[in-house]
Amino acid sequence: MKSTIGEVKHHVGESVTIGCWLNKKRSSGKIQFLQLRDGSGYIQGVVVKSEVSEEAWEAASKLTQESSLYITGKVKEDTRSKGGFELDVTGVEIIQITEEYPITPKEHGVDFLMDNRHLWIRSPRQRAVLVIRAEIIKAVQGFFNDRGFHLVDPPILTPSSCEGTTNLFHTKYFDEDAFLTQSGQLYMEAAAMALGRVYSFGPTFRAEKSKTRRHLIEFWMIEPEMAFVDHVENLEVQEQFVSHIVQTVLQNCQAELETLERDTSKLEKIKGSFPRITYDEAVDYLQKNGHEFAWGEDFGAPHETAIAAQYETPVFITHWPTEIKAFYMKPDPSRPEVVLCADMIAPEGYGEIIGGSQRIDDPELMEQRFKEHELSQEAYQWYLDLRKYGTVPHSGFGLGLERTVAWICGLDHVRETIPFPRLLYRLYP
């Protein structure tokens with residue numbers, strides 16, 4: 001019967017056939033040990049010369065790294081192996097013998113590996129990252145679906161910028177100018193006025209000429225928007241959301257976390273409520289600890305890392321200066337020079353993973369913001385209509401998927417968090 005490596009636990013004592021690739025091989029003369037993979041997991045196939053046909057033995061002998069094959073054998077439990085099972089091989093059918101596979105067990109440079117990203121993702125470490133990424137996506141969808149949110153897909157091609165920035169990819173939409181979206185948030189606000197609680201999950205693009213370990217040109221965002229939800233309630237949803245993601249990965253991806261040698265004791269602390277400090281308090285801390293920093297500036301990576309180092313869980317930095325935040329954020333009624341917003345900073349130096357705020361719901365104030373930021377009312381008229389026809393208090397946030405994957409996996413660079421990263425000087429493969 002056919003099986004996958006991930007399903008062999010259901011076939012102990014039975015003979016199965018698995019389509020797979022050879023990861024590596026070793027031999028002790030009359031026994032060949034085949035490390036096999038099929039995407040669902042890894043298993044060792046043991047080929048004993050005296051117990052298989054001459055054809056099967058010769059076929060196993062010919063196998064090279066990443067050769068493809070069908071292997072048949074009896075499944076048995078083996079507590080010594082990582083997967084807990086082993087295959088006593090009875091048959092080997094070669095599909096293709098791979099010659100001169102580029103990625104060998106020796107050390108390779110980053111540029112070489114990135115040039116061969118289409119092959120690098122086959123390695124155990126890269127597979128573990130992509131499995132965890134998939135589990136995070138599943139946890140995201142489960143969290144919102146279980147809480148009455150509706151999935152809405154905002155457009156990727158837009159006529160204007162979401163946040164008034166210029167770091168956008170420009171294209172032509174027939175005879176009109178258009179841009180690749182940097183966020184679906186404005187459209188999600190419209191959707192929230194129709195469906196109450198919504199979220200989007202899709203690609204976003206920023207033409208920032210940045211080469212830091214935290215930046216990608218193309219990345220994926222999860223952007224919930226909630227009608228009748230204020231700033232404090234918004235933070236509570238974010239806490240529950242991130243805790244749910246981390247605990248789900250801990251529950252379902254232990255093998256992958258082990259492959260990555262991730263210290264899971266740090267992740268086990270990510271639950272419950274997270275500490276909250278104001279921007280004022282963060283600035284005060286930085287100034288008292290050797291950082292030259294003036295009120296009204298934005299935090300860079302060293303500042304976020306220094307602040308996060310005080311905590312073992314993510315930390316919210318709330319009430320940022322109005323002047324450095326997006327035009328749509330609601331000012332604090334008791335202190336208009338700051339807005340009702342928060343950035344969630346991950347621990348261990350991974351920086352901001354969520355940005356969110358309560359949105360302006362006052363029509364006159366929104367008109368004023370448009371003038372201050374010199375935004376086109378023609379391009380945004382539909383957005384202004386949201387305040388004109390049945391305005392309500394509402395809030396939302398955006399979580400960057402790749403930064404979240406990097407943090408949970410304990411990766412040094414965000415380029416490993418997406419199958420085919422788009423970086424400042426990389427569009428291949």
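Index from 1, following the sequence.
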Determine yes or no for a side-chain-to-main-chain donor-acceptor pair under 3.5 angstrom, with [X] supplying the side chain and [Y] the backbone.
X: Asp88; Y: Gly73; result: no
X: Arg403; Y: Arg214; result: yes
X: Gln310; Y: Ile307; result: yes
X: Thr90; Y: Thr72; result: yes
X: Thr64; Y: Ser67; result: no
X: Glu281; Y: Thr278; result: yes
X: Thr4; Y: Glu7; result: yes
X: Glu176; Y: Lys172; result: no
X: Glu239; Y: Phe274; result: yes
X: Thr181; Y: Ile156; result: no

Residues [X], [Y]: salt bridge by 4.0 Å N-O rule:
X: Glu77; Y: Lys9; value: no
X: Lys49; Y: Glu58; value: no
X: Arg125; Y: Glu416; value: yes
X: Lys325; Y: Asp343; value: yes
X: Lys74; Y: Glu14; value: no

In terms of relative ring orientation, are [X] and [Y] parallel, tilted or perpendicular, with 30° and 60° separating the classes?
X: Phe149; Y: Tyr199; value: perpendicular
X: Tyr383; Y: Phe327; value: perpendicular
X: Trp320; Y: Phe299; value: perpendicular
X: Phe143; Y: Phe241; value: tilted

[Y] and [X], any side-chain heavy atoms less than 4.5 Å apart:
X: Thr158; Y: Tyr187; answer: yes
X: Leu119; Y: Asn116; answer: yes
X: Ile137; Y: Gln141; answer: yes
X: Ile18; Y: Val8; answer: yes
X: Val75; Y: Leu87; answer: yes

Applying salt bridge (Lys or Arg N to Asp or Glu O under 4.0 Å) between Arg262 and each of Glu256, Glu268, Glu348, report the one that passes.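 The salt bridge (Lys or Arg N to Asp or Glu O under 4.0 Å) with Arg262 is passed solely by Glu348 among Glu256, Glu268, Glu348.
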Taking His394 as the fixed residue, which of Arg197, Glu189, Gln358 is the one that meets the side chain to side chain donor-acceptor pair (under 3.5 Å) rule?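 Answer to the side chain to side chain donor-acceptor pair (under 3.5 Å) test with His394 among Arg197, Glu189, Gln358: Glu189.
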Check: Phe179 ring centre within less than 6.0 Å of His170 ring centre: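 So the answer is yes for these two rings.
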Step through it carefully: locate the ring centre of His319, locate the ring centre of His231, and say whether they are under 6.0 Å apart.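 Yes: the rings meet the under 6.0 Å criterion.
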Apply salt bridge (charged side-chain N to carboxylate O under 4.0 Å, His left out) to Glu66 and Arg37, showing your working. CA-CA 9 Å; Glu66 287 305 308; Arg37 66 171 191 86; 2.6 Å; yes
Around atom [atom1] of [X], are there more than 12 heavy atoms from other residues, nucleotides or ligands closer than 6.0 Å?
X: Lys2; atom1: NZ; result: no
X: Tyr173; atom1: OH; result: no
X: Lys271; atom1: NZ; result: no

Indicate the atoms forming the closest heavy-atom contact of [X] with [Y], along with that distance.
X: Ser40; Y: Ile5; result: OG-N, 3.4 Å
X: Ala60; Y: Leu34; result: CB-CD1, 4.5 Å
X: Val338; Y: Thr322; result: N-OG1, 3.3 Å
X: Cys20; Y: Leu36; result: SG-CD2, 4.0 Å
X: Glu297; Y: Tyr279; result: O-OH, 2.6 Å
X: Ala346; Y: Ala308; result: O-CB, 3.5 Å

Cut-off 3.5 Å, no hydrogens considered: what does the side-chain donor-acceptor table look like for residues 418-429, sequence neighbours left out?
unit_1: Arg422; atom_1: NH1; unit_2: Pro429; atom_2: O; d: 3.0
unit_1: Arg422; atom_1: NH2; unit_2: Pro429; atom_2: O; d: 3.1
unit_1: Arg426; atom_1: NH1; unit_2: Asp115; atom_2: OD1; d: 2.9
unit_1: Arg426; atom_1: NH1; unit_2: Tyr428; atom_2: O; d: 3.0
unit_1: Arg426; atom_1: NH2; unit_2: Asp115; atom_2: OD1; d: 3.2

Working for salt bridge (charged side-chain N to carboxylate O under 4.0 Å, His left out), residues Arg213 and Asp412: CA-CA 7 Å; Arg213 67 186 185 92; Asp412 291 332; 5.7 Å; no
Looking at residues at least two apart in the chain, or sitting in another chain, which of them share a side-chain hydrogen bond (donor to acceptor under 3.5 Å, both in side chains) with His303? none
Please evaluate residues Glu218 and Arg206 with respect to the criterion salt bridge (charged side-chain N to carboxylate O under 4.0 Å, His left out), reporting the C-alpha separation (whole Å), side-chain torsions for both, the decisive distance (0.1 Å), and the verdict. CA-CA 7 Å; Glu218 176 185 299; Arg206 296 206 178 183; over 6 Å; no
Passes salt bridge (charged side-chain N to carboxylate O under 4.0 Å, His left out), Arg369 versus Glu374? Steps please. CA-CA 8 Å; Arg369 283 287 186 270; Glu374 299 180 344; over 6 Å; no
Kindly confirm or rule out a cation-pi arrangement of Arg127 over Tyr42, judged by NZ or CZ under 6.0 Å from the six-membered ring centre and within 45° of its axis?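 Judged by the rule, Arg127 and Tyr42 form no cation-pi pair.
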